[in-house]
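One structure is given below, encoded as structure tokens.
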Amino acid sequence: MDRLLSLESWKRWLWSFVRLTLIAGLSFVILYPILQKISTAIKSKTDLYSPIVIWIPQNYSLDNIKQAIAIMDYWQTLLNTFALSSTTTVLTAASCALAGYAFARLKFKGSKLLFGGVILTIMVPPTTILIPVYLNLKDFTLMGLIPLLTGKSVNLLNTYWPFILTSITANSLRAGLYIFIFRQFFRGVPKEVEEAAYMDGAGVGQTFLRIMLPNAMPAIVTVLLFSFVWQWNDSFFTTTYLTSSKVMSTQLASLPYNLSIFLQDGASSKADPFYLSMVQDTGILLAILPLIILYLFVQRYFVESIERTGLVG
């Protein structure tokens, strides 16, 4: 008996050790680059060439932050990015909730085939359809109606319309995953809830808005957070559709070039590449700082919503 208890205690100790090792490793992978960029952001230029300075600066300075803010036009860029991410997040959540409810509760011909297409959008890389989507947005005709009325197509590039249209039609970034989340959640809601609403004379739309949607807050929170963060960090679609707009992705993409021009000492001299790297790391830190602050406020709701939607077991 004592031997069995000793074996069980060893198993618990071993599992605790493995779990601690995994958590420590994951924490290192996530926190190391952030801490490194924080250290770089507050370093003086003189510390860059000091062999004894690795993490803690000898001379604290905010020059790197000031340079990055000026070059990125940070406050205007922050406002534009927040407006774009918030708009697409709300529209995506609304359209994907409707699609998820339809796949979960409404029976119609071809529903399984259409849902298979939704799953396919999760697996297929977006680069496979980039060219036709780009050409369609460059000469947008709305199935021929716009040229019929105005005589020419409309160029939607360098506007927010590509993001708005894809969000309304549940075809935005990672929309297939959001539809799947809503579908799985609505399938878990007891049918008696809907049947009671139908018995009271409510239609499909009223049942969805008054009964199902209020009960879907865990799924809504999950989709809102995922959509906002992924849109904020997106560099693929944003740099393709908004090449001249000031949002975080385009500003970060052009930051090395803008830095090399802004920090040149003279017409024939080149900027210090090591200092360019310092300011560039500071710009990256400023770009992810709003997301870190957001996570600090909503991490409890995010974890609870993930558990209740069944994404983790």
Side-chain angles (χ1 to χ4, degrees), residues 82-122 129 133 136-137 140-146 149 154 156 159-231 237 298 301-302 304-311:
F82 184 81
L84 175 63
S85 299
S86 300
T87 302
T88 56
T89 295
V90 173
L91 295 177
T92 297
S95 60
C96 291
L98 286 168
Y101 179 70
F103 283 122
R105 289 302 200 217
L106 304 182
K107 304 300 180 182
F108 53 92
K109 291 185 178 179
S111 61
K112 294 183 178 180
L113 182 62
L114 288 176
F115 187 70
V118 171
I119 300 300
L120 192 64
T121 62
I122 302 176
I129 60 172
V133 172
N136 187 25
L137 294 173
F140 188 70
T141 62
L142 193 60
M143 296 180 292
L145 294 178
I146 294 178
L149 298 175
V154 178
L156 298 181
T159 67
Y160 288 170
W161 279 109
F163 302 94
I164 294 175
L165 292 176
T166 53
S167 298
I168 292 175
T169 56
N171 195 35
S172 59
L173 182 66
R174 306 289 197 280
L177 176 61
Y178 307 148
I179 293 174
F180 178 79
I181 291 174
F182 278 117
R183 175 183 179 268
Q184 294 304 106
F185 184 86
F186 287 132
R187 288 184 66 183
V189 177
K191 291 185 178 181
E192 290 78 10
V193 176
E194 285 179 294
E195 293 173 354
Y198 294 149
M199 290 293 292
D200 292 337
V204 175
Q206 289 180 323
T207 302
F208 172 74
L209 291 175
R210 297 183 180 181
I211 305 299
M212 303 298 287
L213 204 58
N215 290 321
M217 289 308 297
I220 293 174
V221 172
T222 301
V223 170
L224 287 176
L225 292 175
F226 276 165
S227 180
F228 186 87
V229 171
W230 276 332
Q231 180 59 58
F237 290 108
V298 303
Y301 305 100
F302 177 67
E304 290 178 356
S305 62
I306 287 291
E307 291 176 349
R308 294 184 62 184
T309 50
L311 293 182

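In this chain, numbering begins with 1 at the start of the sequence shown.
- Note that CG of Leu224 is 10.0 Å distant from OG of Ser86, once rounded to the nearest 0.5 Å.
- Applying the side chain to side chain donor-acceptor pair (under 3.5 Å) test to Ser172 and every residue at least two apart in sequence or in another chain returns Thr92.
- Counting heavy atoms from C-beta outward, Thr89 and Phe226 have side chains that stay 4.5 Å or more apart.
- Counting all heavy atoms, side chain and backbone alike, Pro218 lies closest to Asn215 at CD-O, 3.9 Å.
- Side-chain atoms of Phe185 and Thr222, non-hydrogen and from C-beta on, never get closer than 4.5 Å to each other.
- Sorted by first then second residue, the ring pair (Phe, Tyr, Trp, His ring centres under 6.0 Å) pairs that include residues 85-104, not counting sequence neighbours, are Tyr101-Phe186, Tyr101-Phe208, Phe103-Phe115.
- Between the CG atom of Leu173 and the CH2 atom of Trp230 there is a distance of 8.0 Å, given to the nearest 0.5 Å.
- One finds the CD1 atom of Ile168 at 8.0 Å from the OG atom of Ser95 (value rounded to the nearest 0.5 Å).
- Between Val204 and Tyr198, the closest side-chain pair of non-hydrogen atoms falls below 4.5 Å.
- Residues passing the side-chain contact (heavy atoms from CB on, under 4.5 Å) test with Leu149, sequence neighbours excluded: none.
- In this structure Leu156 satisfies the side-chain contact (heavy atoms from CB on, under 4.5 Å) test together with Leu137, Phe140, Val154, Thr159, Trp161, Pro162, Leu165, sequence neighbours excluded.
- Atom CG of Leu114 sits about 12.0 Å away from atom CD1 of Ile119, to the nearest 0.5 Å.
- The CD1 atom of Ile220 sits 13.0 Å away from the OG atom of Ser227 when rounded to the nearest 0.5 Å.
- Across all non-hydrogen atoms, the minimal contact from Ile181 to Ala219 is CG2-CB, 4.2 Å.
- Here the CD atom belonging to Gln231 is positioned 9.5 Å from the OG1 atom belonging to Thr87, to the nearest 0.5 angstrom.
- Under the side-chain hydrogen bond (donor to acceptor under 3.5 Å, both in side chains) criterion, the residue pairs touching residues 103-113 are Arg105-Glu194, with sequence neighbours excluded.
- Applying the salt bridge (Lys or Arg N to Asp or Glu O under 4.0 Å) definition to pairs two or more places apart or across chains, none involves residues 161-179.
- Counting heavy atoms of neighbouring residues, nucleotides and ligands inside a 6.0 Å radius, atom OH of Tyr160 exceeds 12 of them.
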